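For reference, the structure is listed below as structure tokens.
Computed over heavy atoms, backbone and side chain alike; hydrogens, waters and symmetry mates excluded. Residue numbers begin at 1 in each chain, while the letters A, B, ... track the order of the sequences. Everything numeric in this text was worked out from a predicted model, so none of it was measured.
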Number of protein chains: 4
Amino acid sequence: MPTETFFNLPEEKRQRIIEAAIDEFSRYSFHKARVTAIADNAGIAKGSFYQYFEDKKDLYKYLMETIAKKKMSYINKDMLLNRDKYGFFQLLREVFLSGIRFAKENPRLVPIGEMLLADKELLHELYGENMDRNNDFFKQLLKYGQEKGEVDPEADLDLLAHMLSVLTYSLVDLVMEDGKIDMDDMEIYDKMLYFVENGIKKR
Amino acid sequence: MPTETFFNLPEEKRQRIIEAAIDEFSRYSFHKARVTAIADNAGIAKGSFYQYFEDKKDLYKYLMETIAKKKMSYINKDMLLNRDKYGFFQLLREVFLSGIRFAKENPRLVPIGEMLLADKELLHELYGENMDRNNDFFKQLLKYGQEKGEVDPEADLDLLAHMLSVLTYSLVDLVMEDGKIDMDDMEIYDKMLYFVENGIKKR
Amino acid sequence: MPTETFFNLPEEKRQRIIEAAIDEFSRYSFHKARVTAIADNAGIAKGSFYQYFEDKKDLYKYLMETIAKKKMSYINKDMLLNRDKYGFFQLLREVFLSGIRFAKENPRLVPIGEMLLADKELLHELYGENMDRNNDFFKQLLKYGQEKGEVDPEADLDLLAHMLSVLTYSLVDLVMEDGKIDMDDMEIYDKMLYFVENGIKKR
Amino acid sequence: MPTETFFNLPEEKRQRIIEAAIDEFSRYSFHKARVTAIADNAGIAKGSFYQYFEDKKDLYKYLMETIAKKKMSYINKDMLLNRDKYGFFQLLREVFLSGIRFAKENPRLVPIGEMLLADKELLHELYGENMDRNNDFFKQLLKYGQEKGEVDPEADLDLLAHMLSVLTYSLVDLVMEDGKIDMDDMEIYDKMLYFVENGIKKR
DNA sequence: GATGAATGAGGTTTCATTCAT
DNA sequence: AATGAATGAAACCTCATTCAT
């Protein structure tokens, strides 16, 4: 956790630091990223960095949390709360699209997450055992889909959740070119959804 | 490319070095992996390392090539050559399973590939533009599936190839726990295939 | 260029570092000189060295600049500015003597310059094409001498400039024994000047 | 001294080694030059190198001797033996020209000598005190010139010898561009001689 | 005598973190 | 709180030389 000092900082300065961190961690893996570069780009002294964070990992953890929260905020909460008004596949579509919107508006955050996912050692260190909240989310959703009779009742929800989770990531990866996303490329999202729907719907 | 000296080494020693390299690179990303550790674990002098490889990256590249070749060798070549004897989904199943067999027998090689995939900078440096041979392979296969009338003729092959590629990886990831695979867990592979088949087959 | 950090250092410490550098580079060629030795002798950590200079070459370049400036400062500027009050050979004598005075007071700087001059590769790297400002200086002087009618009007100024430049160096070399100069050995400078004067004066 | 083994080598092989050594030492100072490069370029095993020479310095010493001898061989011995038939300045001219001829035919040997001259430590180690045979040669010549009444009887022969020695080197340097010499550029040699003659002749 | 693999000391450089002001 | 200089462990890499075959 960042220190109290950090949270007492003027918003603007805190932003500058976060920005600089994002910039560095989106370009380089945790180990290659340099504290010096972050401090420099944020325009703060290296010493200050250690007044705000315990160490490099402390900032990194905080960043991951921030990112996770931000990503969640892209999901239309109303739809989830009133999910009964929508079909399962409509909800799924919303989840997919929220991922895309998030990536479009925060392209630099995408590789940060991906790099962490690849670094099992670090991942374990940060989250210990419970490292797939993402899957849990999809699993809940799928269960609901089964209950509503839209999803194949035989389906293995753990497997499906994992697949959906992975596909979301991959979709973002596919449409992101050089850190940019062509949001208008709507067709492709629906193609994937079409594929998924055929794959898992109840027949 | 490793030096001639390296290839002149007795098989046993070469293996020790490769083993040590795999050990290090499967645990740590390229940047965190240490030449010193590799040399130590291989039981050779640090100086010797540099008689065999130009630098850390040289060994790494060589390792990736070796891994790629090994992975390919797990695909049943006969089936590919006589693909007309098999249905498309039978072929796809073979490809999936080959990935699993490879992962089961070489569990430490899996994270090496995954870490590389996450390090865009390194990936680019090693392979430049043509970095998705994996996708190409699936695209060929899918095209064949369309020609045989088994795959949805409307399907976007680029998208599908990407998805299949990603799903293969994810499947391996899913069944690998602490570097071990439960091969007998056959059911899950077929579940995924079932899902995929429903998703993309011609109706 | 040294970093800002270096220039922020207390004068005393900066001097210690420069001293240590001079000590090392006056004894050993650029390639044999060791950063470690410099850091040790300056009483700073090796890491600090790299906070002050980009690398060994950075310090070396800076040292050469410093030396060049210092050497220039030994020339009596008044004489150059009011050169019309003096004969050409008087000016030349002043230039010669300035070289001697510089060498006498900074004996360790002499071999540094000489070693660089011998390392064509390094020389080229540092100065690119324009690496004989020394010659230019003498050429200007000689031109002036011709205009005043003191120097043989037929003389090839490029050649003469080169010769004078070389002779200055050699004179210093000659009178420097074990890094010390016997300044009182005035006679020898005049002998050389006598020789030069006879060689190039207008008849 | 090279080992007997070296001298027993077939002429052709010995030449190859010497060639490779010249190539390396003409490009790099003693310390930067690499034994490995020499062995490689000579097409011999690294181990063999140490069968022929005690160490890098041993080869270097031998090379310097060879060069010195070769350089001497360019002086017209007949003229020296029958020096009475020629004037002093004719002899001096011959010595100058021999230096030029040597440089023209062995351009790579020139920088080797120059680099050594700049490395006082090495120079001392190789030749101890008596490191100016070159000067001695010129001193003998000048003495003879005085005796014949052609050279200023007041002249300080040590100084003049030094100057002549230095000027010879510098002349070579001046006309050598990129390791090549324009021998037809005869005029310049005579200009320098003219200058020298005026400088030191008896009046 | 020839070979080429093996060695390790030693060099340069990087960087997270500490600390004095 | 802020600064930025100081540190040193540890990484990569080079190369002369030795040694077993």
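- For the pair Ala37(C) and Glu54(A), nearest-nucleotide mapping onto DNA chain E gives the more 5' position to Ala37(C).
- A salt bridge links Arg34(D) with Glu24(D): the distance from a Lys NZ or Arg NE/NH1/NH2 to an Asp or Glu carboxylate oxygen falls below 4.0 Å.
- Counting non-hydrogen atoms under 4.0 angstrom, Tyr52(D) reaches the backbone sugars and phosphates but no base.
- Partner of Glu12(D) under the side chain to side chain donor-acceptor pair (under 3.5 Å) criterion, out of Arg16(D), Arg14(D), Gln15(D): Arg16(D) alone.
- Partner assigned to dT21(F) is dA2(E), using Watson-Crick or G-U wobble distances below 3.5 angstrom.
- Between dA9(E) and Lys46(B), no contact under 4.0 Å exists linking OP1 or OP2 to a side-chain N or O.
- Lys56(B) comes within contact range of the sugar-phosphate backbone alone, with a heavy-atom separation under 4.0 Å but no base atom that close.
- Between the side chain of Gln51(C) and the base of dA6(F) there is at least one donor-acceptor pair of N/O atoms closer than 3.5 Å.
- When every heavy atom of Lys56(B) is checked against every heavy atom of Phe30(B), the shortest pair comes out as NZ-O, 2.9 Å.
- Rounded to whole Å, the distance from CZ on Phe30(D) to P on dC15(F) is 14 Å.
- Counting to the nearest Å, the C1' atom of dT18(E) and the CG atom of Asp58(A) are 16 Å from each other.
- Along DNA chain F, the nucleotide nearest to Gly43(C) and the one nearest to Val35(B) differ in position, and the one closer to the 5' end is contacted by Gly43(C).
- Across all strands shown, Lys13(D) has heavy atoms under 4.0 Å from sugar-phosphate atoms exclusively, and none from any base.
- Here Tyr50(D) reaches the OP1 or OP2 of dT17(F): one of its side-chain N or O atoms lies under 4.0 Å away.
- Regarding Phe53(D), its CZ atom lies at a distance of 14 Å from the P atom of dA16(F), rounded to whole Å.
- Of the listed nucleotides (dA5(E), dT7(E), dT3(F)), dT7(E) has the atom at the smallest distance from the side chain of Ser48(B).
- When rounded to the nearest whole Å, the span between CG of Asp55(C) and C1' of dC15(E) equals 16 Å.
- Of the two residues contacting DNA chain F, namely Phe49(B) and Ile44(A), the nearest-nucleotide position lying further toward the 5' end is that of Ile44(A).
- dT12(E) atom C1' lies 12 Å from atom CD1 of Ile38(C), rounded to whole Å.
- Ala39(C) comes within 4.0 angstrom of nothing in the nucleic acid, heavy atoms only.
- The partner of dC12(F) is dG11(E), by the rule that a Watson-Crick or G-U pair needs both atom distances under 3.5 Å.
- Rounding to whole angstrom units, OH of residue Tyr28(B) and P of dA11(F) are separated by 11 Å.
- Asn8(B) comes within 4.0 angstrom of the backbone, heavy atoms only, and of no base.
- As a whole-Å value, the separation of His31(D) NE2 from dA16(F) C1' is 11 Å.
- Between Thr5(B) and dA5(E) there is a side-chain N or O to OP1 or OP2 distance below 4.0 Å.
- Residue-to-nucleotide proximity on DNA chain E shows that, of Lys32(A) and Gly47(A), the 5′-proximal contact is made by Lys32(A).
- Rounded to a whole Å, the CG atom of Asp40(A) is 12 Å from the P atom of dA5(F).
- Contact record, Ala33(A) with Tyr28(A): N-CB, 3.8 Å, taken as the closest heavy-atom pair.
- For Glu19(A), the CD atom is densely surrounded, since the number of other residues' heavy atoms within 6.0 Å is greater than 12.
- The phosphate of dC12(F) has OP1 or OP2 within less than 4.0 Å of a side-chain N or O from Thr36(B).
- Heavy atoms only, all atoms of each residue included: Gln51(C) and Thr5(C) are closest at O-CB, 3.7 Å.
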